[in-house]
Every structure is written in structure tokens, then in C-alpha cells.
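Here is the structure we will look at.
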Amino acid sequence: MKFFVDTADVEEIRALNALGLLDGVTTNPSLIAKSGRDMSEAIKEICDIVDGPVSAEVTATDYDGMMAEAEKLLAIADNVTIKVPLTEAGIQACHALSSKGVSVNVTLCFSVAQAILAAKAGAAYISPFVGRLDDIGQDGMELIQEICEIYDNYDFPTEVLVASIRNPIHVVASARMGAGVATVPPSVLRQMFKHPLTESGLAAFLADWKKTGQSIL
Ligand code: E4P
């Protein structure tokens, strides 16, 4: 399973990348707005930090506008993945870009039918938003299960990129279902380290070690 981090916060990305855990990054217009950065500059900096794919989302809503924005975003760095929304124009842009060998992430997916369209359009990634479905009382992980099953039926090469992750349980459930990628907010990635027995166990080891009066170095 690949781990992407879902943020445009360059310092967070730098810190998490240093742990050796990052396979890529996803951003969206809201995350760019939250960072307060110029989009092109932020994407460039992120692409310099992380070797893997960095999703940069178009904001045009028509096909021509999406294609023009994609061209500009692709010029930023070799590891830019173009993120398009799951609309008719987005799917058309996905098809055109994928046909030229561009890596495309189709975002804002909330149904299996939508996921089929993205795979048919040649998307490298489909991003189903599990947390936002949970928020409205639908089971987000059930959607992941169904997409994985259907993509398997047809050997679609599109990777399931589980998005809108809210907690480590979403990550574990995604892994059990065989989803290719989880894009995880930094706070959730940090939560994954936590276990009270790890903390109390380490405290006990260190207390015992102190009693020996020894030092390894
Ligand atoms: C995915 O690529 C999106 O950026 C993201 O996962 C959306 O998550 P949210 O529902 O927490 O905004």
C-alpha cells in the first residue's frame, strides 16, 4: 500500500518525507488556500521534496480551461499528477491527458458508477472520499470495497486512492480491501504511531535503563 499525504503544508511534507513514509502528495484548492501560498510555488517546492506523484488540481470547470491549466501545472515538475473533478469535462480531460501519457487523478468520487467512468477514461488514480460519505451517514468504506471488486473484475489499471481519510481505521480498512493508495492527513499519519502500550512500555524500559547507570555511547 502506498502512502500519500493530503496537505499543501510544505513543512509537514518535509518532516513526514524525512521519516521515509511518503510515496506521494495530494493537494486540492482548499488545501492550497489553507497554506496561504502561491499554488505554482507550493507545488514546485513539494515536487522538489517528494520523489513520487504530487497531485495538483485544476480549477477550470470546462474542458478547454482544464487542458490549458493542466499544461501549465505539468510544466512545474516531472512528478506532477493532474487532478480533475468527476464531471463530464473532467472525464473528457482525463481521457485526453491519459491518452498522452499524463498521470491523472480523478477526484470527488462518491459512487461506483463514477469510479467506472474514471477507469474507462484511463485515470491513473480514482479518489473516492470516504470521510465525506461517512459525514452524511453513508458507509465510505463500502464504496472502496465495491470499487476494488469491480476494478479487479476487469483488471482496470486505475489505482484506488482512498481520500478524505479521517482516522487510522480508514487506513487499515483500506489496506484490508487492497486499495493501492491512502492519502492521509498529517494528523492521521501521526495518530497511526500511537499506542498506549508503546508509550508505557518505552517509559518502563527507559526507567530501568537509567537504574543501570549505563550509557550506550
Ligand atoms: C483528496 O485528494 C482530497 O484532497 C482530500 O482527501 C479531501 O479530504 P477532506 O474531506 O478531508 O477535505
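As the structure lists them, so they are numbered: ligands from 1, and atoms in each ligand from 1.
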Can you list everything that forms a side chain to side chain contact (heavy atoms under 4.5 Å, CB included) with A124? Sequence neighbours excluded, please.
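Counting only residues at least two positions away or on another chain, A124 forms a side chain to side chain contact (heavy atoms under 4.5 Å, CB included) with S103.
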Do me a favour and list the nearest non-hydrogen protein atom to [atom] with residue, atom name and distance?
atom                   : result
atom 4 (O) of ligand 1 : N28 ND2, 2.7 Å
atom 7 (C) of ligand 1 : F129 CE2, 3.5 Å
atom 2 (O) of ligand 1 : K83 NZ, 2.6 Å
atom 5 (C) of ligand 1 : D6 OD2, 2.8 Å
atom 8 (O) of ligand 1 : S164 CA, 3.3 Å

Does the side chain of [X] pick up a donor-acceptor pair with the side chain of [Y] at under 3.5 Å?
X    : Y    : answer
N105 : T81  : no
R176 : S174 : no
D9   : S35  : no

Close-contact set for ligand 1 against [X] heavy atoms, below 4.0 Å:
X    : result
R132 : 7 (C), 9 (P), 10 (O), 12 (O)
T26  : 2 (O)
A163 : 1 (C), 6 (O)

Spacing of CG belonging to D62 relative to CD belonging to E69, to within rounding of 0.5 Å
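It comes to 8.5 Å.
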Apply salt bridge (charged side-chain N to carboxylate O under 4.0 Å, His left out) to D208 and K211, showing your working.
CA-CA 5 Å; D208 289 341; K211 287 181 217 156; 3.0 Å; yes
Whether R166 lies under 4.0 Å from ligand 1, heavy atom:
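R166: in contact with ligand 1 (<4.0 Å).
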Would you mind reporting whether V162 and P128 have side-chain heavy atoms less than 4.5 Å apart?
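No. Closest side-chain heavy atoms not under 4.5 Å.
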